[in-house]
Amino acid sequence: MKSTQPTLTSTQYGLFLGLLGVICFSFTVPMTKLALLSINPWLVSFGRLAGAGLISLAILQQQNKLHLIRAHFRLLAGVSLGVGLGFPVLMSVAMASTSSSHAGIVLALLPLTTAIFGAIIHRESHSKLFWAISASGCLTVLGYVLFRDQVQFQAADLLLLAAALFASFAYALGAQLSKRISGLDVICCALVIVLPLTLPAAVVAWNYQPPQAVQGSALAGFIYVTLFSQLFGFVPWYKGLAMGGVALVSQLQLLQTFFTLLISAWLLDESIGWLEYGIALLVIAQIYIAKKVD
C-alpha cells in the first residue's frame, strides 16, 4: 500500500518562492546604506545595474539565449524601465538624503501597488474583502513606520513613491513573462537591454566622484546589491509571483520592513523591540487571512 505524501500546491510553492525573494530583497536597504559609506549614490545606482548587466550578458551568451530579448522585447522593455532603471536609481538617490525609515514607506506601499498592477495586467479578479485586507496591511506597516520614527514627509518621499510604482509595474510584467521563460532569463534580458545606458552612466559616475579608500563593509554592500538585489533575488521572486498570483504573493512584501529591521539591527546596530514583533505578527495574520479569502 503506497503512502501518500502531502505535496505543495502551486499557490503554496509560489508563496514559498516569494518569501525567499522577499528575504533576499530585505537586505537591500541596509546593504545600500553600507555601500553609500564610501561610494556616491549615482555610482551605487548605475554601478550595480552595470555590474549585474555585464553578468547577465555573460549568462545569456553562455546559454545562447540572447534571442529571447528580440522575442519578448515589448514586455522586457517594461521590466527594464521598472527594475532596470527606475527603482534602483530613485531608491539610491532618495536614500542618500533621507533615513532608512523612509525606505519603509516604499516597502509599505509595494504590496498594494503590485497587487493593483497585477490585477490590471493579469486581469486577476479578487474579492472586495481581499482588497480591504490588502489595504489594511499597507496602512498597518505605513502607520508603524510613521509612528516609530515620527517621520515627516520630505521631497525624497516623492522619489520613493515613484520608485514603488516603477517596481510594482515591473513585478507584474516580470511575473507574466516568467510563465514563458525562466525568472533568471527575465531579469538578465531586462538588464542587458539597459546596459548601453547603465554602463556609460556608471563610468561617468565614477569619474564624477571616484571612491576614496573604500571600506570593506561598503564593498560588501555594493557586491550584495549588485548580485542579489539586482539580479539573483528576482529568480525566486518572479517565479513565485507567476505561480502564486501577483496580488497574493505580493502581500509577502508587508514582511519586508520587519525583515529589514532585523537585518539592520544585526548589521547596523539599530534597535528593535516588542512593538516590531507585535506588528510583524499582525501583518502575518493579515497575509494568512488574505490567502484564505482570495
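Note that the structure is a prediction, hence the values are computed from the model and not measured. Counting begins at 1 with the first residue of the sequence.
Between L231 and C188, the shortest heavy-atom distance links the atoms CD1-SG, 4.0 Å. For the residue pair T28 and S229, the shortest heavy atom distance occurs at OG1-OG, 2.7 Å. When every heavy atom of P200 is checked against every heavy atom of L197, the shortest pair comes out as CD-O, 3.4 Å. Of all heavy-atom pairs between K179 and H122, the closest is NZ-ND1, 3.9 Å. Taking both residues in full, the closest heavy atoms of A175 and V246 are given as CB-CG2, 3.7 Å, listed atom of the first, atom of the second, then distance. The two residues L252 and V22 come nearest to each other via the heavy atoms O-CG1, 3.8 Å.
The shortest side-chain heavy-atom distance between L75 and R180 falls under the 4.5 Å cut-off. At least one side-chain heavy atom of M91 sits less than 4.5 Å from a side-chain heavy atom of L160. Here the side chains of S182 and V235 are not in contact, with every heavy-atom distance at 4.5 Å or above. In this structure, L110 and S250 have side chains that are not in contact, with every pair of non-hydrogen atoms separated by 4.5 Å or more. Side chains of V83 and W237 form no contact here, defined as non-hydrogen atoms less than 4.5 Å apart. Between C189 and L60 the shortest side-chain heavy-atom distance falls below 4.5 Å. The shortest side-chain heavy-atom distance between V249 and T11 does not fall under the 4.5 Å cut-off.
Linking ILVMFWY side-chain heavy atoms closer than 4.5 Å, directly or via other members, places V204 and V194 in two distinct hydrophobic clusters. Cluster membership for L161 and L139, using ILVMFWY side-chain heavy atoms within less than 4.5 angstrom, is not shared. Under a hydrophobic-cluster definition in which Ile, Leu, Val, Met, Phe, Trp and Tyr are linked whenever side-chain heavy atoms come within less than 4.5 Å, directly or via other members, V203 and V89 are assigned to different clusters.
In terms of modelled atom types and a separation under 3.5 Å, the side chain of S134 and the main chain of F130 share no donor-acceptor contact. For S136 (side chain) and A132 (main-chain N/O), no donor-acceptor pair under 3.5 Å exists by modelled atom type.
Here the CG-NE2 distance, from L177 to H72, works out to 6.5 Å after rounding to the nearest 0.5 Å. Separating the CG atom in D185 from the OG atom in S178 is a distance of 9.0 Å, to the nearest 0.5 Å. A distance of 10.0 Å separates CG in L199 from CG in L57, rounded to the nearest 0.5 Å. Distance check: I23 CD1 to T260 OG1 gives 11.0 Å after rounding to the nearest 0.5 Å. The OG atom of S45 sits 11.0 Å away from atom CD1 of I39, with the distance rounded to the nearest 0.5 Å. The distance from atom NZ of K65 to atom CD1 of I59, rounded to the nearest 0.5 Å, is 10.0 Å.
For F25 and F234, the ring centers sit closer than 6.0 Å to each other.
L227 is linked by a side chain to side chain contact (heavy atoms under 4.5 Å, CB included) to I55, I223, F232, counting only residues two or more places apart in sequence or in another chain. Applying the ring-ring contact (aromatic ring centres under 6.0 Å, His included) rule to F166 yields no partners; only residues at least two apart in sequence or on another chain are considered. The side chain to side chain contact (heavy atoms under 4.5 Å, CB included) test applied to I116 returns L112, I120, W131, not counting sequence neighbours. The side-chain hydrogen bond (donor to acceptor under 3.5 Å, both in side chains) search around S168 returns T113, T114, not counting sequence neighbours. Remark: V214 pairs with S38, P211, A218, L219 by the side chain to side chain contact (heavy atoms under 4.5 Å, CB included) rule, at least two apart or across chains.
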Legend entry - Trace of the side-chain contact (heavy atoms from CB on, under 4.5 Å) decision for I69 with L66: CA-CA 6 Å; I69 295 177; L66 283 172; 4.2 Å; yes

Legend entry - CA sep, side-chain torsions, deciding dist, call: F259, L19, side-chain contact (heavy atoms from CB on, under 4.5 Å): CA-CA 11 Å; F259 288 155; L19 181 61; 3.9 Å; yes

Inset, instruction - Kindly determine whether F73 and I193 satisfy side-chain contact (heavy atoms from CB on, under 4.5 Å), including the steps that lead there. - result: CA-CA 9 Å; F73 183 80; I193 286 175; 4.0 Å; yes

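The side-chain contact (heavy atoms from CB on, under 4.5 Å) with Y238 is formed by just one residue from the set L184, L173, V79; it is V79.
Counting only residues at least two apart or in different chains, side chain to side chain donor-acceptor pair (under 3.5 Å) contacts with residues 205-228 are absent.
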